[in-house]
There are 2 protein chains.
Amino acid sequence: MVSQADPLSATFAALSDPTRRAILARLAQGPATVGELAAPFAISAPAISRHLKVLEHAKLIQRIKEAQWRRCKLEPARLHQAAEWMDQYRQFWEAQFDSLAQFIDTLKETDRPPLGSPV
Amino acid sequence: MVSQADPLSATFAALSDPTRRAILARLAQGPATVGELAAPFAISAPAISRHLKVLEHAKLIQRIKEAQWRRCKLEPARLHQAAEWMDQYRQFWEAQFDSLAQFIDTLKETDRPPLGSPV
DNA sequence: ACCTTATTTAGCAGTTATGTTAATTAATGA
DNA sequence: TCATTAATTAACATAACTGCTAAATAAGGT
């Protein structure tokens, strides 16, 4: 969980905190200042500031100085990279879905008469 | 980074370590025993055992006792869940790709005469 | 029973993460 | 210049992560 590690490790480490995921969800609706991002949370401003630093370090967000505010916006490239990593495993859950679907079909065949048979 | 946290946090925390991702990559090629999984790494057996515990706790793998071995296999459901979470943000990187494509088109228009113009 | 192999648990150390409060920096505006 | 607002950094406490070595558990073979 060393934040300076490879990009993928930094991305997943950043995403492993629910506060940070909530911040990203908020930023998905548009840019926001640090204060706006902090408002919904019960934790202190410095704590939010550190979460933002983690997100910025992982290059998941960008912080742009605007007068006395810092406007934060989503930077999607690293999310894209992480999603591509997960895609490697897509075949596995799709295979599982197929076997589930197959299993459900089996149940239908066992529990009910085939479609179109007399009632 | 509390491993007992919500499933998504546990998943991302588990994925934030390169050794654990390498273990998953190995398991994508088929089930393996702990010893087989440990072989490529320079770290001790207990360290691997703990990584496997993290992966098992995150429900990314299953460990099945077979004689004196423990066969490990990939369990894709949580990866699927994480991939679905990321899909929420797909529009953002796709939008970025669009603007990059647009930018490249702009360059082409600037640097070259339009297609079909006299040489 | 005993030895070997496979794997985990215990105990320890060093590093990293997260939160707090208090102090600091930076910009705005009277 | 001074007060206000926005946000960060400093200093500290606590908990978690990761690795090690040594010891324990579990199963199999002789």
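Numbers restart at 1 for each chain; the letters A, B, ... are given by sequence-line order, proteins then strands. Keep in mind that the numbers below use all heavy atoms, side chains included, and drop hydrogens, waters and symmetry copies.
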Between [options], which nucleotide has the shortest distance from any of its atoms to the side chain of [X]?
X: A:Arg50; options: C:dT20, D:dT8, D:dG19; result: C:dT20
X: B:Val34; options: D:dT18, C:dT21, C:dT8; result: C:dT8
X: A:Trp69; options: D:dG28, D:dG19, D:dA7; result: D:dA7
X: A:Pro46; options: C:dT21, C:dA10, D:dA7; result: C:dT21
X: B:Ser49; options: D:dT8, C:dT20, C:dT9; result: C:dT9

side-chain N/O [X] vs [N] OP1/OP2, d < 4.0 Å:
X: A:His51; N: C:dA17; answer: no
X: A:Ser44; N: C:dG19; answer: no
X: B:Lys53; N: C:dT7; answer: no
X: B:Lys65; N: C:dT7; answer: no
X: B:Arg20; N: D:dT18; answer: yes

Locate the shortest heavy-atom distance separating B:Arg26 from B:Pro31; write the atom from each residue and the value. NH2-O, 3.9 Å
Starting at CZ of B:Phe41, measure out to NE2 of B:His51 and round the result to the nearest 0.5 Å.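 Interatomic distance, B:Phe41 CZ to B:His51 NE2, rounded to 0.5 Å: 8.0 Å.
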Taking atom [atom2] of [N] as reference, at what distance in whole Å does atom [atom1] of [X] sit?
X: B:Arg21; N: D:dT18; atom1: CZ; atom2: P; result: 12 Å
X: B:Arg63; N: D:dA27; atom1: CZ; atom2: C1'; result: 17 Å
X: A:Arg70; N: C:dT25; atom1: CZ; atom2: P; result: 14 Å
X: B:Phe41; N: D:dC20; atom1: CZ; atom2: P; result: 13 Å
X: B:Ile64; N: C:dT7; atom1: CD1; atom2: C1'; result: 16 Å
X: A:Leu37; N: D:dA7; atom1: CG; atom2: C1'; result: 12 Å
X: B:Ile43; N: C:dT7; atom1: CD1; atom2: P; result: 15 Å
X: B:Gln68; N: C:dT7; atom1: CD; atom2: P; result: 8 Å

Hydrogens and angles aside, do A:Arg21 and B:Ser9 bring a side-chain donor and acceptor to less than 3.5 Å of each other?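 Yes, B:Ser9 and A:Arg21 have a side-chain donor paired with an acceptor closer than 3.5 Å.
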Check whether any side-chain heavy atom of A:Leu24 lies under 4.5 Å from a side-chain heavy atom of A:Leu15, and answer yes or no.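 Counting from C-beta outward, A:Leu24 and A:Leu15 do come under 4.5 Å.
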Side-chain contact, heavy-atom cut-off 4.5 Å: A:Ile61 with A:Glu75? no
Would you kindly compare A:Thr19 and A:Ala67 by the position of their nearest DNA chain C nucleotide and give the one closer to the 5′ end? A:Thr19
Select base, sugar-phosphate, or nothing to describe what A:Arg71 touches, counting heavy atoms under 4.0 Å on all strands.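 Nothing, no nucleic acid heavy atom in range.
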